[in-house]
Structure formats: structure tokens, C-alpha cells
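So the structure is just underneath, and the comments pick up after that.
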Amino acid sequence: MIRPMESISLTRLSGDSVTTITGRHCLHAEHVRSLLEVTPCKISIQTQDGCLSVQGNGLHIEYYTREELQIRGLIQRIEIF
């Protein structure tokens, strides 16, 4: 039986931004500059190294500080650009 990963950490090689995904329901991003779009189906953010888009269902921002944020909900797709 194949088990899903418990968590994964993504670091862009060109910078310091770190994004950690735990299961399919939690994403934590560091070095957040601004929110670009927030809906229950899509949350897009600007980090110091680029943009990150999270798509899914029931997405919401659990907390957002000057440097980091945490997104919860059913995460179905993540795009880094």
C-alpha cells in the first residue's frame, strides 16, 4: 500500500522562501510579501522569490503575519511561478 507523505518542504533554489505542506490540508509559507487573491477555491501570494498559488476547496488563511502565513483547507494543486 502506498501511503501519502506526511509533509514536504519546498525551497526555491534562487532565494530564501520556504513553503511546508503537511498532508493535504495545511500549507505554511515564509517570507510572504502580499496576498494577491483570496477565495475559498484559490489563494495566491507574493513571496520574496516569486508567486505561489494554492487551489482546492474550503481554503482559508488561518493566520497571516508580516513574514508568514498558514493556509488550511483541502489542497488540490500548488503552482509556483
Side-chain angles (χ1 to χ4, degrees):
M1 172 192 283
I2 299 173
R3 297 181 61 127
M5 287 186 279
E6 292 297 320
S7 69
I8 186 170
S9 181
L10 307 171
T11 305
R12 298 213 34 184
L13 297 176
S14 62
D16 296 325
S17 294
V18 176
T19 302
T20 304
I21 305 147
T22 306
R24 294 187 63 195
H25 297 278
C26 182
L27 180 139
H28 179 266
E30 297 178 2
H31 303 286
V32 176
R33 298 284 171 124
S34 65
L35 298 173
L36 302 175
E37 179 178 358
V38 179
T39 71
C41 297
K42 183 177 182 181
I43 297 176
S44 298
I45 62 172
Q46 174 76 45
T47 69
Q48 72 180 21
D49 297 321
C51 295
L52 177 82
S53 178
V54 180
Q55 297 175 26
N57 290 317
L59 299 177
H60 63 278
I61 297 173
E62 188 166 66
Y63 66 85
Y64 175 42
T65 69
R66 211 176 123 124
E67 285 290 317
E68 63 187 1
L69 68 71
Q70 185 160 298
I71 297 171
R72 289 218 177 249
L74 178 60
I75 298 170
Q76 297 173 323
R77 181 182 177 131
I78 299 168
E79 295 178 352
I80 300 172
F81 50 96

Item to check | Audit row: T65, V32, side-chain contact (heavy atoms from CB on, under 4.5 Å) steps and yes/no | outcome: CA-CA 8 Å; T65 69; V32 176; over 6 Å; no

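Cluster membership for L36 and L52, using ILVMFWY side-chain heavy atoms within less than 4.5 angstrom, is not shared. Cluster membership check: L69 does not share its hydrophobic cluster with L74, using side-chain heavy-atom separations under 4.5 Å among Ile, Leu, Val, Met, Phe, Trp and Tyr.
Using a 4.5 Å cut-off on side-chain heavy atoms (C-beta onward), Y63 and H28 make contact. You'll find the side chain of I61 reaches within 4.5 Å of the side chain of V38, heavy atoms only. Side-chain contact between E67 and H31 is present, with at least one heavy-atom pair separated by less than 4.5 Å.
Between the CZ atom of R24 and the CG atom of N57 there is a distance of 9.5 Å, given to the nearest 0.5 Å. Atoms CD1 and CD1, from I43 and I71 in turn, are 4.5 Å apart once rounded to the nearest 0.5 Å. Going from atom CD of Q70 over to atom NE2 of H60 covers 9.0 Å, rounded to the nearest 0.5 Å. Here the CD atom belonging to Q48 is positioned 5.0 Å from the CZ atom belonging to R33, to the nearest 0.5 angstrom. Atom CD1 of I45 and atom OG of S34 lie 8.5 Å apart (nearest 0.5 Å). Once rounded to the nearest 0.5 Å, the distance linking CD of E37 with CD of Q46 reads 13.5 Å.
Closest approach of H25 to I75, counting heavy atoms only: C-CD1, 4.1 Å. Across all non-hydrogen atoms, the minimal contact from Q76 to G56 is OE1-CA, 3.5 Å.
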